[in-house]
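See structure below.
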Amino acid sequence: MQQNITKGTVLSDRFVIDSLENEGDMGQVYKAHDTKTNKFVAVRIVPLSILRPDEVEHVKARMQQASALVHRNVRATFGMGVKDEFLFIAAEWIEGQNLQTLLKKRTDADKRFSFKGAYNIIGHVCNALTYTHENGCYHGALNPRSIMVNNAGRVKVHDWALSTIRINKADYRGREKVEAAYWSPEALKAPRTVSTRSDIFSLGALFYSLITGRAPQRPLIAPSKLGFSSDVDSVVARCMSADPKQRFKSAADVKQAIKQLASSQQVAAEPPGAVDDDLGIDIDIDLDAMNAPEAAPAAPQTAPAGGMMSAPDLPPPPNKGGGSGSNERASTIDMGAILANSVQNEAARWMVQKDKFDHGPFNDRELIQMILLGDVLGNHRLTNMDTGERKKVRSWGDFDDYLERYRIKKQQQDEQAALEKTEKAETRGMLFKLVIALSVLGVIGLAVGGYFLSRKLRAEKQLGPEEMVDAFDSGEIQIKMGSMDAKTAGKRHGKGRRRGSSGGGGGGKGEFVDGMSYEEAMNMGVSLGALNSTGGKKLTAEDINAIMSRNVRKFIPCIAGESVKRVDMNIAVAGNGSVIGVSVQQGSGKMKSCVASKVRSIKFPSSNQPRTATSWYFELY
């Protein structure tokens, strides 16, 4: 049963429905306008009629995981809400197509991806899974429909909130479709045993489809039967082993194994129909710039028999972990090859700010060339003239590989210069070399001392608000944080309650007043409309800590110029999720007011309690 939403409907007082974009077995996807950010978002509407109450709670738990995922190859998930007849999930709007559509277009045209094009897609999917697995989140139902390629060539994995619902629902119609062919055998037979190794199986199935143009339905036809080398068979077989223990241990290992095949030219002549990537996909590795003929061939992957699903043409998977080889990047930069193979937008859309002056506009090729030459650095401000978005080069994410290549090149140049300087010094007398050595040690000592002194000065009112944020983003300033449960916080507010009982800000009268302290808010009568609970579950310290942790960056400008390193606060949250009272323990009055205002701007989930008391802190180190 689909839930039709009319244009102009407003969800959560924020998302204005614009148009229906897609319909599927798990509801409809609408394009909506986010009035808070003034951007488009994707809103999926899932009828509650197709979900059991425990499944709704499962989606909420997955949403908490999904909303914390921030990666260039992971579609951002913003949040969810529950109405009388449906729940909705708000996610990043992507102008592009899913991989299933791209595969079908190529199949209909009797074409398929080249090995290099397939690697560039699967490499980014591996990046996404490596990140999510390290953060304790697996997908479970990965298939071409859960991978998007936007119009700029960015590959993004999505459907994190609903993926495990799909595999756990016995009546999910996708089980009868091709998408289930990408799921691991344990996902089909025992969904509760799904793990990160299940995603490895799906990676192998996706890679098989990309290079062969065929769905991974049984029995599989070995890639070597279509013109690829037998080593390709071994990688696919290992990914798709029926025994999870025989699969690659990680997505990074899968990526390395496929990269090794591609870079060492172990792929036989590709069969007819293979075309180079013409989608503008981000290049994960510059294969053409590598010295492939001199690369050592990988040892054949052999293995004992048994353990495979019904795939007679594929060899059994090997026992050992896959993906051997160095993780080091190429040590030299072939700029011509990089620029020739990088996806380019010829429009002059980039403005670079250096030395307080704007330079440009530049197209992609010109900008990448300047990064590789060191003329544009990671801390330079970069503006996209098409969107107006402005941030540091390293914050865009699109140029990380080029920044890293320049860093390696600069490091080599510095090492070479130091080596030449040392060789010249060795031609002089021992005493002179001793003086040089002592001087170097002195310089190092001064540098180390200067570093820690600068850290100390930064902590002692030397940085402005924007500089504090930059220091946090660069990792120079780090933060630890945590919360205590409502019971502990309630004990803390006991004395304040007695102090607040005499009035001040409206607390003593039992009337809600914007800007109240924590003590005043906790003295209000619980029957007030502003405190009424709106349903949901109990708001726990873990919930509050997760939300506050995602918003900790907001507090950084408040402590600029302050000598405090730790900030403790007590927070009162109403049943509708709004913050009704905040008390900050440390710092000047200005800092306390700033931190309190940032906390009040944060929206928490609604709960089944009139109000929730908690304590939370963050500390710089």
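A quick note: this is a predicted structure, and the numbers were derived from the prediction, not measured.
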Would you verify whether the NZ or CZ of Arg106 falls within 45 degrees of the ring axis of Phe113 while also being under 6.0 Å from that six-membered ring's centre? yes
Backbone N or O of Ser146 within a donor-acceptor pair of the Glu179 side chain at under 3.5 Å?
no
### Task
Answer yes or no: is there a donor N or O on one side and an acceptor on the other, between the side chain of Ser209 and the main chain of Arg214, under 3.5 Å?
yes
Electrostatic pair Asp54:Arg52 at N-O distance under 4.0 angstrom:
yes
Tested for side-chain contact (heavy atoms from CB on, under 4.5 Å) against Val59, the lone hit among Arg62, Met63, Glu57, Glu55 is Met63
Exercise for review: Please confirm whether the backbone N or O of Val469 pairs with a side-chain atom of Arg553, one donor and one acceptor, at under 3.5 Å?
Suggested key: no
task: Check whether any side-chain N or O of Arg611 sits under 3.5 Å from a backbone N or O of Ala521 as a donor-acceptor pair, and report yes or no.
output: yes
- Within 6.0 Å of NZ in Lys156, more than 12 heavy atoms from elsewhere: yes
Between the side chain of Asn545 and the main-chain N/O of Ala541, is any donor-acceptor distance below 3.5 Å? no
Item checked: Main-chain N/O of Ile89 paired to Arg44 side chain as donor or acceptor, under 3.5 Å -> no
* **Neighbour count >12 (heavy atoms, 6.0 Å) for atom NZ, Lys36** => no
According to the interplanar angle, ranging from 0 to 90°, do the rings of Phe207 and Phe115 count as parallel (below 30°), tilted (30 to 60°) or perpendicular (above 60°)?
perpendicular
Practice prompt. Evaluate the criterion side chain to side chain contact (heavy atoms under 4.5 Å, CB included) for residue pair Trp93 and Glu21; output intermediate values, then yes/no.
Written response: CA-CA 11 Å; Trp93 176 257; Glu21 297 295 323; 3.5 Å; yes
- Do Lys31 and Glu95 sit within salt-bridge range, that is, some charged N less than 4.0 Å from a carboxylate O? yes
Subject >> Salt bridge Arg154-Glu92, side-chain N to carboxylate O under 4.0 Å >> reply: no
**Item:** Geometric cation-pi criterion Arg600 and Tyr518, 6.0 Å radius, 45° cone
**Value:** no
